[in-house]
Structure formats: C-alpha cells, structure tokens
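In what follows, chains carry the letters A, B, and so on, assigned in the order in which the sequence lines appear, proteins first and then strands, with residues in each chain numbered from 1.
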Protein chains: 2
Amino acid sequence: MELKRATEGEKGFEKVFAFLRERLLAGSLKPGDRLISERELATLLGVSRPIVREALRALTVLGIVEIRDRIGTVVTRPDVSVLNDFFTFALAQQADMLDDVMQARVAIECQAIRLACERANIADFERLQRALAKIGETIDEADAGGMADFDFHRAIVVASHSETLTVLHGSLAGLLTHSHRSRRELVQAFPSMKTYLIDDHRRIFEAVIARDPERADATLRKHFAIGDEYRRRAIVGDIDKTSASG
Amino acid sequence: MELKRATEGEKGFEKVFAFLRERLLAGSLKPGDRLISERELATLLGVSRPIVREALRALTVLGIVEIRDRIGTVVTRPDVSVLNDFFTFALAQQADMLDDVMQARVAIECQAIRLACERANIADFERLQRALAKIGETIDEADAGGMADFDFHRAIVVASHSETLTVLHGSLAGLLTHSHRSRRELVQAFPSMKTYLIDDHRRIFEAVIARDPERADATLRKHFAIGDEYRRRAIVGDIDKTSASG
DNA sequence: GTCTGATCTTGGTCAGACCAGTATGCTGAC
DNA sequence: GTCAGCATACTGGTCTGACCAAGATCAGAC
C-alpha cells in the first residue's frame with residue numbers, strides 16, 4: 001500500500017477519496033469551502049466523472065460534504081444524521097443489540113449529568129424545569145409522556161455542553177425512541193410507576209441544581225435501574241404487587 | 001416529497017438508495033445475502049449503472065454492504081470503521097473537540113468497567129493482568145508504554161462484553177491515540193507519573209477483580225482526573241514540584 | 001446605471017463500450 | 001461414468017462523450 005504514491009496506485013475511487021480525505025484531514029479544506037467542479041477533479045486525478053461522483057457521494061453520506069445541485073460541492077460541518085443512519089441499519093440487523101445500546105446511553109447520560117452539574121447555566125436549569133413539569137402534566141399520556149421523558153433526558157445531555165456527548169446521545173436515543181414509548185405503556189399496568197417517574201426525575205433535577213455530580217450520577221443510574229426492573233417485571237407478568245427492589 | 005411513490009419521484013440516487021434501504025431495514029436483505037447485479041438493479045429501477053454504483057458506494061462507506069470485485073455486492077454486518085471514519089473527519093475539522101471526545105471516552109469506559117465487574121470472565125481477568133504487567137515493563141518507553149496503557153483500557157471495555165460500548169470506544173480511542181502518546185512523553189518530565197501510572201492501573205485492576213462496580217468506576221474516574229491534572233500542569237510549565245492533587 | 005438575456009458552468013444522468021477476472025457449464029478425454 | 005480443461009457468460013471497474021436543467025455571470029440594450 002505504501003509503495004504507491006497516495007494518489008496513484010489505488011483504484012479510481014480510492015484515489016479520489018484519498019485525495020479528498022487528505023485535504024479534509026489536513027485542514028486545507030474547511031467547512032464552507034467549495035470544492036472544484038467534478039469535471040476538474042476528474043481531469044486532475046485522471047479518472048472519469050462517475051468515479052468522482054462516487055467519492056463525492058461517499059463523503060456526502062458521511063456527512064462531510066454536501067452536493068448542491070448546479071452550485072457545486074461544499075464542505076459541511078459533520079452532522080449527527082450519519083451516526084443515526086449507521087445505527088439504524090446496524091440495529092435493523094441485530095435487534096438483540098438494543099440492550100447493548102441502552103448501556104451506551106446510560107454511559108453517555110451519566111457522564112453528561114456530571115458535566116451538567118459543573119457547566120449548566122440558568123437557561124439549562126430552566127429547560128430542565130420545564131421538562132420536569134411536562135413529565136408531571138403528561139403522566140397519563142403514553143405518547144406525550146414518552147416525549148416529555150425523552151426531552152428531560154435530552155435536556156440533561158444538552159446541559160453538559162459537550163457536543164460529542166450530545167451527538168452520540170442523539171444517535172443512540174433515536175434508536176431507543178420506540179423502546180421509550182413501549183415503556184411508557186407500562187405506566188397503565190403499573191400505577192406505582194407514576195410516582196417513580198415523577199419523583200425520580202425530580203430527584204435527578206435537584207441533584208443537578210445542587211451541582212452535585214456524584215449524587216446526580218448515582219440518582220440517574222438508579223433511575224435507569226428501576227426502569228429496567230419495571231420492564232423485567234412486565235415481562236415476567238408481575239403486576240405491581242411487590243416493591244421495586246431488584 | 002410524499003406525493004410521489006417511494007421509488008419513483010426521487011432523483012436517481014435517492015431512488016436506488018431508498019429501494020435498498022427499505023429491503024435492508026425490512027430485513028428482506030440480511031447480512032450475507034448477495035444483491036442482484038448492478039446492471040439488473042439499474043434496469044430494474046430505470047436508472048443508469050453509475051447511479052447504482054453511487055448508491056452501492058454510499059452503502060459501502062456506511063459499512064452496510066461490501067462490493068467484491070467481480071463477485072458481486074453482499075450485505076455485511078455493520079462495522080466499526082464507519083464511525084471511525086466519521087469521527088476522524090469530524091475531529092479534523094474541530095480540533096477543539098478533543099477534550100470533548102475525551103469526555104465521551106470517560107463516559108464509555110466508566111460504564112464499561114461497571115459492566116466488566118459483573119460480566120468479566122477469567123480470560124478477561126488474564127488479559128487485564130497481562131496488560132497491567134506490560135504497563136510496568138514499558139514504563140520508561142514512550143511508544144510501547146502508550147500502547148500498553150491503551151491496551152489496558154481497551155481490555156476493560158472488552159471485558160464489559162458490550163459490543164456497542166466496544167465499538168464506540170474503538171472509534172473514540174483511535175482519535176485519542178496521538179493524545180495518548182504525547183501524554184506518555186510527559187512521563188520523562190514528571191517522574192512521579194511512573195508510580196501514578198502503575199499504582200493507578202493496579203488499583204483499577206483490583207477493583208474489577210473484586211467485582212466492585214462503584215469502586216471501579218470511582219477509581220477509573222480519579223485516574224482520568226489525575227491524568228488531566230498532569231496535563232494541565234505540563235501546560236502551565238510546572239515541574240513535578242507539587243503533589244498531584246486536583 | 002439598470003435591466004435583460006445569451007452564455008458559461010455546474011451538477012444529474014444516460015448509453016454504450018471495454019477490461020479483467022470469476023463461475024459455471026459444456027465438451028471431450030480418460 | 002467421471003473428471004479435467006477450456007469457452008463463455010457474468011460480475012464489478014472504468015471510461016468516453018453526450019445531453020439536460022438551472023444557477024452564475026457578464027455583455028449589451030435601454
């Protein structure tokens with residue numbers, strides 16, 4: 001591989017892709033820049049235009065560039081949707097991965113809440129408070145309730161002011177959306193879940209307000225654990241008779 | 001957009017991509033399956049072959065399919081390298097994201113170590129032990145030392161037996177490799193780092209062996225914090241005079 | 001100075017062709 | 001009847017050259 005010049009020995013597609021990758025990684029191509037036209041690129045690298053288009057399309061699905069009809073190809077800021085696509089495909093083919101993805105979500109959120117305790121500003125607090133209120137208001141609605149739940153957790157991650165965590169959470173959470181919804185349907189079967197949902201989220205909120213990372217992390221972690229426990233009990237058919245201790 | 005049939009109104013590429021996406025997500029195309037040939041696909045969807053290739057290439061960079069020269073296109077199991085590519089590009093353009101990615105790594109590893117405490121088997125323990133020994137052996141070598149350090153942390157994640165966490169960690173860690181190395185070079189400047197590196201990793205190891213998630217998490221977290229502190233001190237030019245308390 | 005329209009350029013796409021190997025099956029030898 | 005060997009059909013990999021539609025640009029008319 002190293003025997004050949006970077007832009008010479010490879011197959012056509014690799015040649016173009018490598019060429020662009022270099023510029024992108026080296027920083028000579030920055031977000032906002034417009035690439036040279038497909039035709040120029042083709043003649044420059046000695047390949048045909050369809051090949052160039054393959055490479056450009058590849059970068060497009062990676063969220064690196066955007067092909068604008070009749071305008072040109074411009075470098076964009078990397079976007080979440082790529083990860084979304086990937087995980088969507090990945091999970092479609094390995095459904096058993098759901099629990100696993102949940103673990104990743106827990107990881108992200110628990111770290112996010114620690115950062116949130118340090119970095120959250122007034123606006124973040126307000127957003128959390130609104131989300132918390134919404135959870136209370138929509139406690140009896142499966143759909144709106146699920147969304148409120150999601151928003152609250154999302155607000156935590158946003159409050160971490162970490163773009164990477166936010167991006168990752170966005171990708172993972174999208175996949176878990178329906179899981180969220182199905183979980184909300186348990187609320188009807190398990191009346192005790194209402195207080196669990198409301199109180200738990202308030203405790204989490206309070207820990208963030210108190211800017212206590214350890215407590216926030218622990219509370220959030222426990223929140224997830226109890227949720228799992230409910231789900232487990234739903235599977236085995238237990239009906240809200242025993243306490244929610246694992 | 002919704003006015004048109006799914007495989008009709010879109011532009012050529014979208015048409016093909018949507019067509020394949022459907023089959024992929026619906027499960028009628030499973031890993032291992034061989035797609036129909038490019039030519040057939042082209043006539044089937046009423047587009048030209050270059051367009052089909054664009055779509056195929058797009059799926060390739062997403063790690064969904066693999067184009068095998070002169071064999072055909074087959075559906076593969078989603079692969080890590082996609083995320084790697086994405087994060088590589090993403091970080092190349094937002095270098096300030098490094099600290100942010102580090103936060104994500106901490107998130108992944110701290111969750112992984114908790115799972116590892118529950119799920120690790122003898123083989124995992126042995127791998128950790130070997131990695132730990134290696135850290136001691138290579139404490140004076142910048143390159144091998146950095147790799148030993150990485151291997152140890154990697155072993156923790158592997159021991160979590162969570163594919164998603166492993167995948168994410170693989171992607172993130174790749175980006176932090178050089179950061180790892182540069183950090184190891186601090187060892188020369190900060191003699192006290194040697195004991196920090198060795199003792200810290202052993203404490204982490206012991207916590208996993210003891211199967212104590214809380215302790216493992218806390219120890220690992222502290223380990224990262226101290227590492228950050230060393231780095232901070234390196235930046236401000238301090239030379240190992242004060243103790244490493246943050 | 002402004003407006004209008006021809007022209008250039010850009011992406012979007014197609015058709016048909018050639019190459020180089022793989023897979024298969026047919027043919028002929030044993 | 002079996003099996004080796006070669007011809008052929010098929011696959012991806014690529015190129016050439018062409019056409020279209022529409023944004024961008026600039027010359028020329030007003």
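- Between B:Ser37 and D:dC10 there is no side-chain N or O to OP1 or OP2 distance below 4.0 Å.
- Mapped onto DNA chain D by nearest heavy atom, A:Arg70 and B:Arg57 fall at different nucleotides, with B:Arg57 at the one closer to the 5' end.
- Picking from D:dG23, C:dG11, D:dT16 the nucleotide with the shortest atom distance to the side chain of A:Ile67 gives C:dG11.
- The CG atom of A:Asp69 sits 8 Å away from the P atom of D:dG23 (whole-angstrom rounding).
- Residue A:Thr73 places no side-chain N or O under 4.0 Å from the OP1 or OP2 atom of C:dT10.
- Remark: B:Ser37 pairs with B:Glu40 by the side-chain hydrogen bond (donor to acceptor under 3.5 Å, both in side chains) rule, at least two apart or across chains.
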Please report, to 0.1 Å, the donor-acceptor pairs under 3.5 Å made by any side chain of residues 61-76 of chain A, with sequence neighbours excluded.
unit_1: A:Thr76; atom_1: OG1; unit_2: A:Gly63; atom_2: O; d: 3.1
unit_1: A:Thr76; atom_1: OG1; unit_2: A:Ile64; atom_2: O; d: 3.2

Could you write out each protein N or O paired with an N or O of nucleotides 17-19 of chain C at a distance under 3.5 Å?
none

Point to revise | Audit row: A:His153, A:His169, side-chain hydrogen bond (donor to acceptor under 3.5 Å, both in side chains) steps and yes/no | key: CA-CA 10 Å; A:His153 287 270; A:His169 185 262; over 6 Å; no

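- To the nearest angstrom, C1' of D:dT14 lies 15 Å from CG of B:Leu56.
- Per the geometry, CZ belonging to A:Arg34 stands 11 Å off C1' belonging to C:dT9, to the nearest Å.
- Nucleic acid contact class of A:Glu40 (heavy atoms, under 4.0 Å, all strands): sugar-phosphate only.
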